[in-house]
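Each remark here refers to the structure printed beneath this line.
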Amino acid sequence: MRTVLFVTWSGLPELAADDRLAADRLRARGVDVGSVAWDAAHGAWRSADALVLRSCWDYHLRGTEFLDWLDAVDEAGVPLWNPPHVVRWNAHKRYLIELAEAGLPVVPTALLERGSQEDLDALCAARGWSAVVIKPAIGASAFGARLFGVGDIAADADLARWRSGHDLLVQPFVPEIQSDGEWSLIFLGGAYSHAVRKRPRPGDFRVQYELGGTQQSARPSRAVIEGARAILDGAPGPWLYARVDGVVTEDGFLLMELEMLEPSLFLDVDATAPDRFADAVERLLEVRG
């Protein structure tokens, strides 16, 4: 029997609710599915036929250790999805600048390297940004994300401490997040699967559920799907899953984040999505076969 382990973290050693749906479909097809924390002792993942990164939700807090673990998986020759080179690329959000430089539609982004003394108020004023979101370049679930008015940045003591220890992203605030919401388009096995629209709670800009945001199944336009697909064409591959998070503005669909490491895939909003995920995993097992 083929064995697939969904990779979690020690704070959630069992499968998340979303992933249980996919695991059940795979078990019904004769695949032995279990879970393992990425930092499990004694390399408990080494005997698997494949590893699927899912709820490794502390990777951004233990960046060096997590990258070392990717190296260990690579060296052991255990197939990991998404593959280590894709995960390394996706773990640091400088990829947004790389995609923008390739001509893809990305929310304008500036990277502030750790310890930089650049005047952020001046940078934002020069770019015509009146309000900006600043967040760590390695982060998840709106970790450390804050909204600033230009002119308020230099005096913020907390941000000064963040600057000393983290690479940071600076992006203009996109008001459509509050008025129209953020799209998450899920691609499985190379193909578009389904989508949700996420909205922040009143007065906030963060759409995460744990921060009061909401999400519901939605049907994006063909133009939005094609825009998301074009962005994925600019990312490294191969990959098992990807989630393209973006917002529709007067300039069209703009990428906010490309999630290829540990995103929720919202498998619960479409009754056929868990089967599509299972199909994609089975195809990978057959290729290795």
Side-chain angles (χ1 to χ4, degrees), residues 1-8 14-36 38 45 47-57 59 70 73-74 77-91 95 183-196 215 217-220 224-246 255 257-289:
M1 180 180 289
R2 300 162 297 175
T3 299
V4 172
L5 294 178
F6 284 15
V7 180
T8 66
E14 302 300 326
L15 296 180
D18 202 43
D19 296 325
R20 288 198 293 270
L21 298 172
D24 288 344
R25 300 301 197 280
L26 284 165
R27 291 179 183 127
R29 304 175 187 204
V31 179
D32 181 19
V33 182
S35 62
V36 63
W38 66 266
W45 43 266
S47 61
D49 293 300
L51 302 172
V52 178
L53 279 172
R54 293 308 305 126
S55 54
C56 49
W57 292 335
Y59 82 93
L70 288 177
V73 173
D74 226 354
V78 180
L80 175 70
W81 296 94
N82 286 325
H85 72 278
V86 174
V87 173
R88 292 188 192 98
W89 176 82
N90 193 236
Y95 69 77
W183 284 95
S184 284
L185 292 89
I186 292 86
F187 289 75
L188 303 174
Y192 170 72
S193 173
H194 59 286
V196 299
Q215 54 272 320
S217 177
R219 291 190 177 186
V224 168
I225 295 173
E226 290 176 351
R229 195 186 307 276
I231 289 164
L232 279 170
D233 288 343
W239 43 267
L240 167 64
Y241 58 77
R243 197 183 84 193
V244 184
D245 291 348
L255 177 70
E257 290 193 9
L258 176 56
E259 302 275 10
M260 305 179 78
L261 201 167
E262 43 66 66
S264 169
L265 298 174
F266 300 108
L267 299 180
D268 60 334
V269 306
D270 184 321
T272 58
D275 278 308
R276 286 193 290 274
F277 187 88
D279 289 342
V281 172
E282 278 208 303
R283 284 194 293 272
L284 295 175
L285 292 172
E286 290 167 1
V287 168
R288 185 176 187 237

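Quick note: residue numbers are just sequence positions, from 1.
- A donor-acceptor contact shorter than 3.5 Å links the side chain of Arg54 to the backbone of Pro263.
- When every heavy atom of Arg25 is checked against every heavy atom of Ala278, the shortest pair comes out as CB-CB, 3.8 Å.
- Between Arg276 and Asp279 there is no salt bridge, since no side-chain nitrogen of the basic residue lies less than 4.0 Å from a carboxylate oxygen of the acidic one.
- Tyr241 places no side-chain N or O within 3.5 Å of a backbone atom of Gly190 that could act as its donor or acceptor partner.
- Between Leu185 and Pro220 there is a side-chain heavy-atom pair separated by less than 4.5 Å.
- Tyr192 OH to Ile225 CD1: the interatomic distance, rounded to the nearest 0.5 Å, is 4.5 Å.
- Distance check, rounded to the nearest 0.5 Å: CG of Leu240 to CG of Leu265 gives 8.5 Å.
- Put simply, the side chain of Asp49 gets close to the backbone of Thr3: a donor and an acceptor are under 3.5 Å apart.
- Nearest heavy-atom pair across Ile186 and Leu188 is CG2-CD2, 3.8 Å.
- Within the model, atoms CZ of Phe277 and NE2 of His194 stand 10.5 Å from one another, a figure rounded to the nearest 0.5 Å.
- Listed for the Tyr59 side chain is no donor-acceptor partner under 3.5 Å among the backbone atoms of Glu262.
- Panel note: side chain Asn90, backbone Leu258; a donor-acceptor pair is recorded below 3.5 Å.
- Remark: Asp268 does not engage Arg20 in a salt bridge, criterion side-chain N to carboxylate O under 4.0 Å.
- Between His85 atom NE2 and Leu80 atom CG the span is 11.0 Å, to the nearest 0.5 Å.
- Although no hydrogens or angles enter the test, the distance criterion places a donor-acceptor pair under 3.5 Å between the side chain of Asp18 and the main chain of Phe266.
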